[in-house]
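Numbers here are sequence positions counted from 1. In this text, all values refer to a predicted model and were calculated from it rather than measured experimentally.
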Amino acid sequence: MLKGLLAISGQRGLFKMVSQAKNSIIVESLLDGKRIPAYATSRISALEDISIYTEEEDVKLSDVFRAIYAKENGGKAIDVKSSGNELKKYFEEVLPSYDKDRVYVSDIKKVLTWYNLLVENDLLDPNAPDEDPEEEKESAE
C-alpha cells in the first residue's frame with residue numbers, strides 16, 4: 001500500500017522513489033512533481049516502516065490510513081490546522097488505543113498531512129496489500 005513512498009527529514013511532503021544514482025536515490029515530490037536527489041546523509045523514512053504507538057502493540061501506518069479512509073469514505077481527513085484538542089479527539093476516533101503520552105499533536109498532524117496528500121494524489125488504495133505477493137514468496141523460501 002505504501003511501497004516506495006518516503007518521508008525525508010527537513011523536506012515538506014512525501015516523495016516517491018524514482019531511481020537510484022551512484023551515491024543517492026532520485027525522488028519525486030508528491031507536492032510539486034519535482035525530482036531531487038536524496039543522499040545517505042538525509043534521514044529518509046519509508047512510510048511502510050512507520051508505526052504508531054498504542055497502549056497494546058504498535059500499529060502500522062498503513063492500518064491507520066485504512067481506518068481514516070474508512071471513517072472518511074475515501075475523502076480527506078480533518079484539517080491539520082484544527083486545534084490540538086480537535087486533532088486528538090479525531091485521532092482517538094480513528095485509533096482509540098493510541099498512546100497519548102508518546103504520540104504528540106505534531107505526530108498526528110504529520111500523519112493527517114500525509115494521509116491527505118496521498119488522497120489528493122490518488123495513491124491510497126485501502127484494499128492493496130502491505131507487501132507484494134512476490135516478496136512474501138521470496139521471504140517464505
Side-chain angles (χ1 to χ4, degrees), residues 1-21 23-141:
M1 176 178 177
L2 302 176
K3 190 143 187 71
L5 296 173
L6 309 168
I8 302 173
S9 184
Q11 299 284 338
R12 281 189 48 230
L14 294 174
F15 298 86
K16 190 170 28 175
M17 187 174 138
V18 178
S19 68
Q20 274 188 286
N23 58 354
S24 66
I25 58 172
I26 307 301
V27 296
E28 183 178 293
S29 170
L30 296 184
L31 289 174
D32 58 17
K34 289 184 181 170
R35 292 182 176 194
I36 60 168
Y39 299 96
T41 54
S42 304
R43 286 191 38 223
I44 302 171
S45 302
L47 261 55
E48 62 190 332
D49 295 337
I50 296 175
S51 295
I52 304 296
Y53 296 120
T54 70
E55 300 296 338
E56 296 87 40
E57 58 189 30
D58 296 350
V59 174
K60 286 181 161 190
L61 186 59
S62 57
D63 293 333
V64 175
F65 284 166
R66 281 187 183 97
I68 297 170
Y69 192 93
K71 176 180 174 34
E72 300 298 340
N73 294 318
K76 287 182 131 186
I78 187 175
D79 186 354
V80 294
K81 292 185 176 110
S82 301
S83 75
N85 286 337
E86 287 176 300
L87 292 169
K88 288 179 194 175
K89 184 176 180 245
Y90 180 88
F91 209 68
E92 192 166 358
E93 289 173 20
V94 173
L95 189 63
S97 64
Y98 88 92
D99 188 332
K100 288 148 192 71
D101 295 329
R102 295 176 20 187
V103 178
Y104 303 106
V105 170
S106 59
D107 299 323
I108 294 170
K109 282 184 178 183
K110 192 177 292 186
V111 167
L112 297 176
T113 299
W114 290 347
Y115 170 84
N116 287 336
L117 186 58
L118 293 173
V119 167
E120 281 173 28
N121 286 278
D122 201 25
L123 290 172
L124 206 57
D125 178 2
N127 302 316
D130 286 337
E131 229 180 287
D132 285 341
E134 290 299 312
E135 282 184 15
E136 286 178 16
K137 270 190 232 169
E138 286 174 21
S139 61
E141 290 174 2

Write down the atom of [X], the atom of [Y], and the distance for their closest heavy-atom approach.
X	Y	result
V119	G74	CG1-O, 3.7 Å
L2	E48	CB-N, 4.0 Å
L112	A77	CD2-CB, 3.9 Å
V64	V94	O-CG1, 3.9 Å
I8	S42	CG2-CB, 4.1 Å
I26	A21	CD1-CB, 4.3 Å

Excluding sequence neighbours, so at least two apart, what forms salt bridge (Lys or Arg N to Asp or Glu O under 4.0 Å) with [X]?
X	value
E55	none
E72	none
K110	none
D107	none

Hey, what do you get for [atom1] ([X]) to [atom2] ([Y]), rounding to the nearest 0.5 Å?
X	Y	atom1	atom2	value
Y104	D99	OH	CG	9.0 Å
I50	L6	CD1	CG	9.5 Å
Q11	I36	CD	CD1	4.5 Å
L87	E92	CG	CD	13.0 Å
S19	R35	OG	CZ	7.0 Å

I44 vs V27, side chain to side chain contact (heavy atoms under 4.5 Å, CB included): CA-CA, chis, key distance, verdict: CA-CA 11 Å; I44 302 171; V27 296; over 6 Å; no
Quick note, ring-ring contact (aromatic ring centres under 6.0 Å, His included) partners involving residues 74-95, not counting sequence neighbours, are F91-Y98
Could you go step by step and tell me if L30 and L118 meet the side chain to side chain contact (heavy atoms under 4.5 Å, CB included) rule? CA-CA 8 Å; L30 296 184; L118 293 173; 3.9 Å; yes
What residues form a side-chain contact (heavy atoms from CB on, under 4.5 Å) with D32, not counting sequence neighbours?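 So D32 forms a side-chain contact (heavy atoms from CB on, under 4.5 Å) with S29, K34.
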Partner set under side-chain contact (heavy atoms from CB on, under 4.5 Å) for A70, not counting sequence neighbours: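 Not a single residue meets the side-chain contact (heavy atoms from CB on, under 4.5 Å) criterion with A70.
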Going by side-chain hydrogen bond (donor to acceptor under 3.5 Å, both in side chains), name the pairs with one or both residues in residues 111-120, residues two or more places apart or in two chains.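 Residue pairs passing side-chain hydrogen bond (donor to acceptor under 3.5 Å, both in side chains), neighbours aside: K76-E120.
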Other residues, nucleotides, ligands: >12 heavy atoms within 6.0 Å of K71 NZ: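 Above 12, so yes.
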So with a 6.0 Å cut-off around CG of D122, is the heavy-atom count from everything else above 12? no
Only counting residues at least two apart or in another chain, list the ones meeting side-chain hydrogen bond (donor to acceptor under 3.5 Å, both in side chains) with [X].
X	value
R102	none
E57	none
S83	E86

For L14 and L123, run side chain to side chain contact (heavy atoms under 4.5 Å, CB included): C-alpha distance rounded to whole Å, both residues' side-chain angles, the deciding distance at 0.1 Å, then the answer. CA-CA 11 Å; L14 294 174; L123 290 172; over 6 Å; no
How far apart are the C-alpha atoms of L124 and M1, what are their side-chain angles, what is the distance that settles it, and do they pass the side chain to side chain contact (heavy atoms under 4.5 Å, CB included) test? CA-CA 7 Å; L124 206 57; M1 176 178 177; 3.3 Å; yes
Just jot down the ring-ring contact (aromatic ring centres under 6.0 Å, His included) partners of Y53, sequence neighbours excluded, or say none. none
